[in-house]
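Worksheet: one structure, shown below.
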Amino acid sequence: MKDSQYAEVLLAWYDANKRALPWRMDSRVGQVDVYRVWVSEIMLQQTTVETVKGYYGRFIERWQTVDALASAERDEVLLFWQGLGYYRRAHGLHEAARKVVAEHKGVFPRDDASLRALPGIGAYTSAALRAIAFGEAVLPLDGNIKRILARLLALNKPVEREGRTLEAFGQRLVPRQRSGDFAQAMMDLGATICLPRQPRCGICPYQKGCLAYRKNKASAYPYRAPKKERPHRYAVFFWIENEHGAYWLEKRPEKGLLAGLMICPSTPWRDKAWGKNDWRAYGDKKQQWQMVEGHIVHVFTHFTLHATIAYGRSKDRRPTSKATEGVWVSHGKEKDYALSTLMRKVIAHKYKQGAP
DNA sequence: AAGGCGGGGTA
DNA sequence: TACCCAGCCTT
């Protein structure tokens with residue numbers, strides 16, 4: 001296939017098979033709202049369409065413009081983000097909104113450098129915004145599109161090291177018109193046909209122009225660098241209950257893992273399992289701790305956490321760690337606080353087991 | 001270049 | 001179980 005045919009063929013396929021997504025707009029019909037595209041792109045970073053659907057509508061309804069988001073409280077932004085993961089995105093989204101208002105008078109910049117100066121916007125998101133929201137003839141390279149390009153070319157090296165080749169080839173395929181639709185069409189192709197494991201080459205519009213298919217080895221691409229083993233870490237959470245049956249949560253630091261979310265105090269999350277008594281050094285020494293039956297397993301990107309719960313009652317509201325903020329939470333009032341999925345598992349486990 | 005950073009869907 | 005997802009940022 002000639003370079004120019006790829007866009008032609010794919011846009012025809014896209015128009016015939018278009019998926020209705022809450023953030024998707026036809027560039028030929030109405031005005032594209034940069035703010036909405038931006039929120040969707042941040043949410044979709046390393047996150048599947050199905051997962052984002054449950055968050056996007058609520059978020060947009062709560063904050064309909066970049067000005068509204070800029071005026072929001074960080075804690076409320078986190079509340080709407082809880083469970084979605086990669087919480088730095090929520091912090092960055094809020095911070096970027098404030099920068100757009102403060103430094104660009106509330107109007108999103110259109111050039112790559114200015115976009116990438118906003119937190120959370122890198123090479124991909126900048127290109128996606130320029131293509132989808134501004135109609136610039138660029139192709140954002142996400143996981144889907146890299147996989148497609150690697151197959152079209154039958155690249156024999158790991159995609160992680162083929163950035164320039166993919167960039168150059170992808171750029172040649174971008175149409176001058178409808179570049180945003182082309183980008184979204186490519187992503188749809190990757191999500192529905194050019195699948196990672198079992199690509200559906202039989203119904204693929206790129207069959208004729210795909211070198212991997214011609215070699216009958218589509219599923220062998222893209223080549224991946226071998227990945228490392230995920231280590232295990234261990235923690236004991238301190239479930240401190242007061243005389244009203246409420247339990248104590250503390251706010252995590254503004255940076256790092258689960259930034260800004262509420263969580264039970266705990267021992268350090270170390271790479272060795274905790275013994276019978278060694279964890280007690282990290283809790284209130286005067287406390288009578290009792291272990292809750294069972295344990296929790298939670299998988300993060302770079303380690304698996306194994307956690308147990310130590311239960312204790314407290315009359316005073318003494319926190320067990322150095323967190324600056326904490327709060328007593330009654331069961332049923334959790335929705336007022338931004339909690340990670342890990343913390344939700346801890347809470348569910350505690351209430352399932354009851355008091356020891 | 002490598003590692004930190006969540007959580008869920010899928011085969 | 002293992003892989004991957006509309007990546008970004010720091011080191």
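No hydrogens, no waters, no symmetry mates; every other heavy atom, side chains included, goes into these values. Order of the sequence lines sets the chain letters (A, B, ...), proteins ahead of strands, with each chain counted from 1.
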**OP:** Using the closest heavy atom to pick a nucleotide of DNA chain C for each, name whichever of K227(A) or S126(A) lands nearer the 5' end.
**Re:**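 Final value for this comparison: K227(A).
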
Identify whether any heavy atom of [X] sits under 4.0 Å from a base atom; if not, whether one sits that close to sugar-phosphate; answer base, sugar-phosphate or nothing.
X       : answer
T125(A) : sugar-phosphate
P140(A) : nothing
G190(A) : nothing
W81(A)  : nothing
R344(A) : nothing
E50(A)  : nothing
A123(A) : sugar-phosphate
T341(A) : sugar-phosphate
I121(A) : sugar-phosphate

Original post:
Parallel, tilted or perpendicular: which fits the ring planes of W81(A) and F59(A), with parallel below 30° and perpendicular above 60°?
Top reply: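 The arrangement is perpendicular - the two ring planes meet at more than 60°.
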
Can you tell which of [options] lies closest to the side chain of [X]?
X       : options                 : answer
R224(A) : dC4(C), dA6(C), dG6(B)  : dC4(C)
T51(A)  : dA6(C), dC5(C), dG8(B)  : dG8(B)
R197(A) : dA6(C), dA2(C), dC5(C)  : dA2(C)
Y124(A) : dG7(B), dG7(C), dG4(B)  : dG7(C)
L44(A)  : dC5(C), dA6(C), dG7(B)  : dA6(C)
Y86(A)  : dC5(C), dG6(B), dA6(C)  : dG6(B)
L258(A) : dA6(C), dG6(B), dA11(B) : dG6(B)
R89(A)  : dG4(B), dG6(B), dA6(C)  : dG6(B)

Report the distance from atom [atom1] of [X] to atom [atom2] of [N], rounded to the nearest whole Å.
X       : N      : atom1 : atom2 : answer
Q46(A)  : dC4(C) : CD    : P     : 11 Å
M43(A)  : dG7(B) : CE    : P     : 15 Å
Y221(A) : dC3(C) : OH    : C1'   : 20 Å
E254(A) : dC5(B) : CD    : P     : 15 Å
R230(A) : dG7(B) : CZ    : C1'   : 11 Å
Q198(A) : dC3(C) : CD    : C1'   : 13 Å
F182(A) : dA6(C) : CZ    : P     : 16 Å
E160(A) : dC8(C) : CD    : P     : 15 Å

Original post:
Is the distance from OP1 or OP2 of dG6(B) to the nearest side-chain N or O of H298(A) less than 4.0 Å?
Top reply: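 It does not, given that no N or O in the side chain of H298(A) lies less than 4.0 Å from OP1 or OP2 of dG6(B).
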
Original post:
Is H302(A) near enough to dG3(B) that one of its side-chain N or O atoms lies under 4.0 angstrom from OP1 or OP2?
Top reply: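 Negative; the distance criterion is not met.
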
Original post:
How about W38(A) and F108(A): are their ring centroids closer than 6.0 Å?
Top reply: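 Between W38(A) and F108(A), the centre distance is under 6.0 Å.
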
Will you find, in the side chains of [X] and [Y], an N or O donor that is under 3.5 Å from an N or O acceptor?
X       : Y       : answer
Y337(A) : D75(A)  : no
Q82(A)  : R344(A) : yes
S40(A)  : R24(A)  : no

**OP:** Find which nucleotide of DNA chain B each of R161(A) and L261(A) is nearest to by heavy atoms, and output the residue with the more 5' nucleotide.
**Re:**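 Looking at DNA chain B, the more 5' nearest nucleotide goes with R161(A).
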
**OP:** Please state the P separation for the pair dT11(C) and dG6(B) - nearest whole angstrom.
**Re:**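 Between the two P atoms, the distance is 16 Å.
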
**OP:** Please measure how far the P atom in dA6(C) lies from the corresponding atom in dC5(B), and state the result in whole Å.
**Re:**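 dA6(C) and dC5(B) have their P atoms separated by 23 Å.
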
Subject >> Residues R178(A) and D15(A) bridged, charged N to O under 4.0 Å >> reply: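 Yes, this pair counts.
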
Original post:
Got a salt bridge between R172(A) and D3(A), using NZ or NE/NH1/NH2 to carboxylate O under 4.0 Å?
Top reply: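 Counted as a salt bridge, because a side-chain N and a carboxylate O are separated by less than 4.0 Å.
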
Subject >> Check: T301(A) side chain, dG6(B) base, donor-acceptor under 3.5 Å >> reply: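 Such a pair is found, so the answer is yes.
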
